[in-house]
Amino acid sequence: MVGSDPGSLGLGFLGLGVMGQPMALNLARAHPGLVVWNRTAARCEPLRAAGAQVAASPAEVCRRSRVVFLMLADGPAIDAVLGRGTPAFAANVADRVIVHMGTTSPGYSRGLEADVRAAGGRYAEAPVSGSRGPAEAGRLVALLAGDPAAAAAVRPLLAPMCHETFECGTVPNALLMKLSVNLYLITMVTGLVEAFHFAARHGLDERRLRDVLDAGPMASTVSRAKASKLAERDFGVQASIVNVLDNNRLVAEAARASGVASPLLDVCHALYGETLALGHGDADMAAVLHAIESRTDLGRTPVTRPADPTRGTAPRRPI
């Protein structure tokens with residue numbers, strides 16, 4: 001079984017998307033032997049330049065690694081990459097620590113842990129809080145859950161990617177914590193966007209609003225970043241509308257399953273769905289401004305009974 005000495009572990013990383021690529025780059029700089037794979041091969045080239053080794057397949061990454069990080073779009077992508085449900089799965093996970101760093105439903109993570117352990121591997125979930133900027137700077141916040149041996153093996157390896165790691169106990173508590181954080185993030189950013197829309201439609205200087213907010217007690221790293229985007233109408237992606245919709249759905253499903261009300265989240269779901277329908281799915285979440293502007297321009301009344309956000313799934317960003 002896998003030991004807990006990080007220095008003795010071969011490391012692999014699967015999934016080099018918007019978040020995965022900068023995360024893997026930081027890991028490669030600390031561990032030059034990192035082995036990586038991505039479905040779109042061109043995404044591997046910056047890793048190769050940073051000293052990582054590029055594998056021809058996910059199975060090769062697993063074969064050459066003792067700890068395998070997954071930063072993949074969703075459960076089906078994880079299942080496909082690991083060969084879950086096929087004989088290849090056991091060969092890919094046995095005697096390894098599998099680290100799920102993306103955001104899926106808590107129930108999915110619980111089931112994946114059970115299958116990994118049944119196949120002779122160990123499992124930890126370590127979803128991260130933060131967007132592309134913090135990922136590039138190695139300033140993400142990791143939420144770690146798993147059995148003590150797996151968590152002990154994984155925790156020191158997160159340092160190049162995450163400036164803080166919070167242990168959350170057993171699976172799926174880290175994902176539940178991530179969904180709690182995302183609920184706050186979605187509703188907070190949507191409120192900020194609405195405030196900018198209100199100010200703009202009353203003829204106020206949006207840059208002055210940004211400066212007022214930055215100087216006050218509500219300022220945060222997120223508010224500063226999004227306020228600047230809104231003031232400049234810069235919708236270059238940090239966290240996309242598509243990704244926000246998917247995270248909104250995951251939170252809503254967990255809320256419904258436990259009988260928890262989520263009224264603000266439900267309104268946000270309607271707004272981000274409208275933004276997607278307007279053609280802004282790949283834009284930053286600040287582009288929800290388009291849906292709010294559209295409601296104003298069309299004279300729409302507020303939505304009081306939004307569609308159930310647990311129905312349907314937003315299209316996924318390719319790995």
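Here the structure is a predicted model, which means the values were calculated and not measured. Atoms considered below: every heavy atom in the structure, side chains included; atoms not considered: hydrogens, waters and symmetry mates.
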Participant: Would you compute the distance between atom CZ of Phe235 and atom NE2 of His290 and round it to the nearest 0.5 angstrom?
Facilitator: 4.0 Å

Participant: Does this structure show an ion pair linking Glu293 with Arg233, if we count only N-O contacts that are shorter than 4.0 Å?
Facilitator: yes

Participant: Do Thr40 side-chain atoms and Ala42 backbone N/O form a donor-acceptor pair below 3.5 Å?
Facilitator: no

Participant: For Val251 and Leu183, which heavy atoms make the closest approach, and how far apart are they?
Facilitator: CG1-CD1, 3.6 Å

Participant: Val171 vs Tyr123, test: side chain to side chain contact (heavy atoms under 4.5 Å, CB included). Steps then yes/no.
Facilitator: CA-CA 9 Å; Val171 172; Tyr123 177 84; 4.0 Å; yes

Participant: Output the distance between atom CG (Leu72) and atom CE (Met19), rounded to the nearest 0.5 Å.
Facilitator: 13.5 Å

Participant: With no hydrogens and no angle check, is any side-chain donor or acceptor of Asn38 less than 3.5 Å from a backbone partner on Ala41?
Facilitator: no

Participant: Looking only at heavy atoms, which two atoms of Met285 and Ile186 are closest? And how far apart?
Facilitator: CE-CA, 4.2 Å

Participant: If you look at every heavy atom in Ala287 and His280, which pair is closest and at what distance?
Facilitator: CB-CB, 4.5 Å

Participant: Is there a donor-acceptor pair under 3.5 Å between the side chain of Ser65 and the backbone N or O of Gly12?
Facilitator: yes

Participant: For Gln21, enumerate each residue passing the side chain to side chain donor-acceptor pair (under 3.5 Å) test, keeping only those at least two apart in sequence or located in another chain.
Facilitator: none

Participant: Between the side chain of Asn92 and the main-chain N/O of Leu82, is any donor-acceptor distance below 3.5 Å?
Facilitator: yes

Participant: As a quick check of understanding, evaluate side chain to side chain contact (heavy atoms under 4.5 Å, CB included) for Leu276 and Val242, giving each step before the final call.
Facilitator: CA-CA 7 Å; Leu276 179 66; Val242 165; 3.9 Å; yes

Participant: Has the side chain of Asn173 got a donor or acceptor atom that lies under 3.5 Å from a matching backbone atom of Cys168?
Facilitator: yes

Participant: Quick one: CZ on Arg117 to CG on Asp147, what's the gap to the nearest 0.5 Å?
Facilitator: 5.5 Å

Participant: Could you tell me whether Glu232 and Arg207 have a side-chain N and a carboxylate O separated by less than 4.0 Å?
Facilitator: yes

Participant: Please lay out, stage by stage, how Leu140 and His163 fare under the test side chain to side chain contact (heavy atoms under 4.5 Å, CB included).
Facilitator: CA-CA 6 Å; Leu140 296 168; His163 76 107; over 6 Å; no

Participant: Are Leu250 and Leu175 linked, directly or through intermediate hydrophobic residues, by side-chain heavy-atom contacts shorter than 4.5 Å (ILVMFWY only)?
Facilitator: no

Participant: Could you tell me if the side chain of Arg84 sits less than 4.5 Å from the side chain of Asp115, heavy atoms only?
Facilitator: yes

Participant: Apply side chain to side chain contact (heavy atoms under 4.5 Å, CB included) to the pair Leu70 and Met101, showing each step before the final yes or no.
Facilitator: CA-CA 6 Å; Leu70 310 176; Met101 298 193 75; over 6 Å; no

Participant: With a 4.0 Å cut-off on N to O distance, would you call Glu206 and Arg210 a salt bridge?
Facilitator: no

Participant: What closest approach, in Å, do Ala52 and Ala28 show between heavy atoms, and which atom pair accounts for it?
Facilitator: CB-CB, 4.2 Å

Participant: Can you tell me if Ser228 uses its side chain to pair, donor with acceptor, with the backbone of Ala225 under 3.5 Å?
Facilitator: no

Participant: Grab the two heavy atoms, one from Val68 and one from Cys62, that are nearest each other, plus how far apart they are.
Facilitator: CG2-CA, 4.2 Å

Participant: Provide the closest heavy-atom pair for Val61 versus Ala55 in the form atom of the first, atom of the second, distance.
Facilitator: CG2-CB, 3.5 Å

Participant: CG of Asn247 to OG of Ser240: how many Å apart, nearest 0.5 Å?
Facilitator: 9.0 Å

Participant: Does Ser109 use its side chain to pair, donor to acceptor, with the backbone of Pro106 at less than 3.5 Å?
Facilitator: no

Participant: Could you pull out all residues at least two apart from Arg224 that satisfy side-chain contact (heavy atoms from CB on, under 4.5 Å)?
Facilitator: Asp214, Ala219

Participant: Inspect the contact between Arg110 and Glu113 and indicate whether a charged nitrogen and a carboxylate oxygen are less than 4.0 angstrom apart.
Facilitator: no

Participant: Tell me whether Arg132 contacts the main-chain N or O of Ala239 through its side chain, where contact means a donor paired with an acceptor under 3.5 Å.
Facilitator: no

Participant: Looking at side-chain heavy atoms only, is the closest gap between Arg295 and Leu271 below 4.5 Å?
Facilitator: yes

Participant: Is there a side-chain contact between Phe13 and Met71 in this structure, where contact means two heavy atoms from C-beta onward sitting under 4.5 Å apart?
Facilitator: yes

Participant: Is any side-chain heavy atom of Leu185 closer than 4.5 Å to a side-chain heavy atom of Val189?
Facilitator: yes

Participant: Does His100 have its ring centroid less than 6.0 Å away from the ring centroid of Phe69?
Facilitator: no

Participant: Report the distance from atom CD of Glu136 to atom CG of Leu25, rounding to the nearest 0.5 Å.
Facilitator: 9.0 Å

Participant: Hey, is the main chain of Ala135 close enough, under 3.5 Å, to the side chain of Asn26 for a donor-acceptor pair?
Facilitator: yes

Participant: Can you get from Val193 to Met188 by hopping between Ile, Leu, Val, Met, Phe, Trp and Tyr side chains that sit under 4.5 Å apart?
Facilitator: yes

Participant: Is there a side-chain contact between Leu204 and Phe198, using heavy atoms and a 4.5 Å cut-off?
Facilitator: no

Participant: Could you tell me if the side chain of Cys268 sits less than 4.5 Å from the side chain of Asn248, heavy atoms only?
Facilitator: yes

Participant: When you compare the side chain of Phe196 with that of Leu213, does any pair of heavy atoms fall below 4.5 Å?
Facilitator: yes

Participant: Any salt bridge between Arg122 and Asp95, counting N to O under 4.0 Å?
Facilitator: no

Participant: So if you build clusters from Ile, Leu, Val, Met, Phe, Trp, Tyr with side-chain heavy-atom gaps below 4.5 Å, do Val67 and Leu144 land together?
Facilitator: yes

Participant: Under 4.5 Å between side-chain heavy atoms, counting indirect links through other Ile/Leu/Val/Met/Phe/Trp/Tyr residues: same cluster for Leu245 and Ile292 or not?
Facilitator: yes

Participant: Just so I know, are the side chains of Val141 and Val128 near enough to count as touching, which here means a heavy-atom distance under 4.5 Å?
Facilitator: no

Participant: Checking side chain to side chain contact (heavy atoms under 4.5 Å, CB included) between Trp37 and each of Leu16, Leu14, Leu47, which is the one that passes?
Facilitator: Leu14

Participant: Any chance you could measure His202, atom NE2, to Leu209, atom CG, to the nearest 0.5 Å?
Facilitator: 13.0 Å

Participant: Can you list every side chain to side chain donor-acceptor pair (under 3.5 Å) pair that touches residues 184-194, not counting sequence neighbours?
Facilitator: Thr190-Tyr272

Participant: Spell out, as yes or no, whether a donor-acceptor pair under 3.5 Å connects the side chain of Arg139 to the backbone of Cys162.
Facilitator: no

Participant: Charged N to carboxylate O below 4.0 Å: is that the case for Lys226 and Asp234?
Facilitator: no

Participant: Just do the salt bridge (charged side-chain N to carboxylate O under 4.0 Å, His left out) check on Glu45 and Arg48 with the steps written out, would you?
Facilitator: CA-CA 5 Å; Glu45 292 311 309; Arg48 194 193 304 274; 3.2 Å; yes

Participant: If hydrophobic clusters are built by linking Ile, Leu, Val, Met, Phe, Trp and Tyr wherever their side-chain heavy atoms come under 4.5 Å apart, do Met161 and Val99 end up in the same one?
Facilitator: yes

